[in-house]
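A short worksheet on the structure shown next.
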Number of protein chains: 2
Amino acid sequence: MIEQAKDTETKILDAAKEVFQHKGLTGARMQEIADKAGINKALLHYYYRTKDKLFEKVFELAFSVFIPKVREMVLSSDKKVFEKVEFFVESYINLLYKHPFIPGFVINELNRNPQILVNFFEKNIQFKELNLFDNFDAQLKSEAENGIIRPIDSRNLMTTVIGMCIFPIVARPIIQGIMFNNDKKAYEVFLSERKKFITEFIINAIKVH
Amino acid sequence: MIEQAKDTETKILDAAKEVFQHKGLTGARMQEIADKAGINKALLHYYYRTKDKLFEKVFELAFSVFIPKVREMVLSSDKKVFEKVEFFVESYINLLYKHPFIPGFVINELNRNPQILVNFFEKNIQFKELNLFDNFDAQLKSEAENGIIRPIDSRNLMTTVIGMCIFPIVARPIIQGIMFNNDKKAYEVFLSERKKFITEFIINAIKVH
DNA sequence: GTCTATACACTGATAGAC
DNA sequence: GTCTATCAGTGTATAGAC
């Protein structure tokens, strides 16, 4: 039945997401994915022929979650830079709370095998846009000339903003361990307050006072 | 012979570092480490009984490379905050150039198994220092009261500074791929210019203008 | 200390019944 | 579509000779 098939496929993908994102491609076990999905290994291979193909699917879905926000940030033209930063940080961190393991998963797997990204862009050409940052650079230049912000290029700004949001999440075990004596509650407070901190920090850094 | 033994042990550790840091605990193969070290698997187990023990050694060495700089930053008391930031970014990025794969390796393995960090601090109690950030917080508070910097706490500052240095390295495949069309040379230029960018960005953000 | 040979467990994948 | 049973390959680890 298609009904049942759809359900099983969803169960498999959900289970695969959890296992792959926590243990990585090489650490994940088909048996564990099957167990989590409530089926057996044979059925796993029936739906996704190989482990690699299942992984590829999980990676694509994970990657697609965080890309649109970045495109929106650099492409949208109806906001001033300060508003853009504030809006982006707000929505990006909300997204991080929903999917805290995706960034570390994506970063790690891409370091192990950068080819994955090339394959992704070949399969999803709608994301492959040349000169994606040109408009944003023009806006930054314009606002700098008008004396609103200091001169800054889009790559450095985006890398900084995204890094400030993501780093406390992917490096959580080490930061929480060293700076917060592994106090989980204290770290959650830190994270909840950091949203406001990031926005103010960025704006103070680029603002002309 | 001790002479020979020392040499073999070094060869093994060097090989293990390279393989573990590139492929992770679960992706690494004892065979590959043996090949890189120019010996066979049996000898590998003769020196380090299990894969886990060899990994543990590699992790400890990797982790110890980046910790002292952080302690130095927060503990040293002979510099003003601006100088500290400038000095830290300079020396931390130099260290990153020497060991570009360690941060991603450490972050990833700690996410897979946070217990590693607990074990590390138990074995290396000299690194386990309570209230490590108290002095730095006092300095930040003092300079804020003197109108030199805006109020900021040490955890947010350290997380931001370290994140700005490390993020472009660990997330290199994705940033280079999306923002630089996978142009390796262009990304190297970006990285070389970023050292200065980080220092100025941080100081602008916390300075009272 | 270093090697060859091998034990033993596990993993991804398939065959075939229902 | 879903299952049980099983294969072929690979991985860590050890035994034993030198």
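Order of the sequence lines fixes the chain letters, A, B, ..., with proteins taken first and strands second; residue numbering starts at 1 for each chain.
Just one residue in the list A:Phe88, A:Tyr92, A:Phe105 forms a ring-ring contact (aromatic ring centres under 6.0 Å, His included) with A:Phe66, and that residue is A:Tyr92.
Scanning both residues, A:Glu56 and A:Lys123, for their nearest heavy atoms gives OE2-CD, 4.1 Å. Taking every heavy atom of both residues into account, A:Asn135 and A:Val74 meet most closely at CB-O, 4.4 Å. Between B:Ala15 and B:Ile33, the shortest heavy-atom distance links the atoms CB-O, 3.5 Å. The two atoms that bring B:Val58 and B:Gln21 nearest to each other are CG1-NE2, 4.4 Å, heavy atoms only.
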What does the B/S/- profile of nucleotides 4-18 of chain C look like, 5' to 3', with a 4.0 Å heavy-atom cutoff to protein? B------SBBBB---

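Each end of the helix from C:dG1-D:dC18 to C:dC18-D:dG1 yields a helix axis from five base pairs, and these two axes differ in direction by 10° (to the nearest 10 degrees).
Below 30°, between 30° and 60°, or above 60°: for A:Phe180 and A:Phe190 the angle between ring planes is between 30° and 60°, a tilted geometry.
Between B:Asp35 atom CG and D:dT12 atom P there is a gap of 12 Å when expressed in whole angstrom units. Counting to the nearest Å, the P atom of C:dT2 and the CD atom of B:Glu9 are 10 Å from each other.
Qualifying ring-ring contact (aromatic ring centres under 6.0 Å, His included) partners for A:Phe120, counting only residues two or more places apart in sequence or in other chains: A:Phe63, A:Phe127.
With values rounded to the nearest 0.5 angstrom, A:Glu90 atom CD is found 5.0 Å from A:Asn94 atom CG.
Contact annotation: B:Thr8 side-chain N/O to C:dT2 OP1/OP2 distance is under 4.0 Å.
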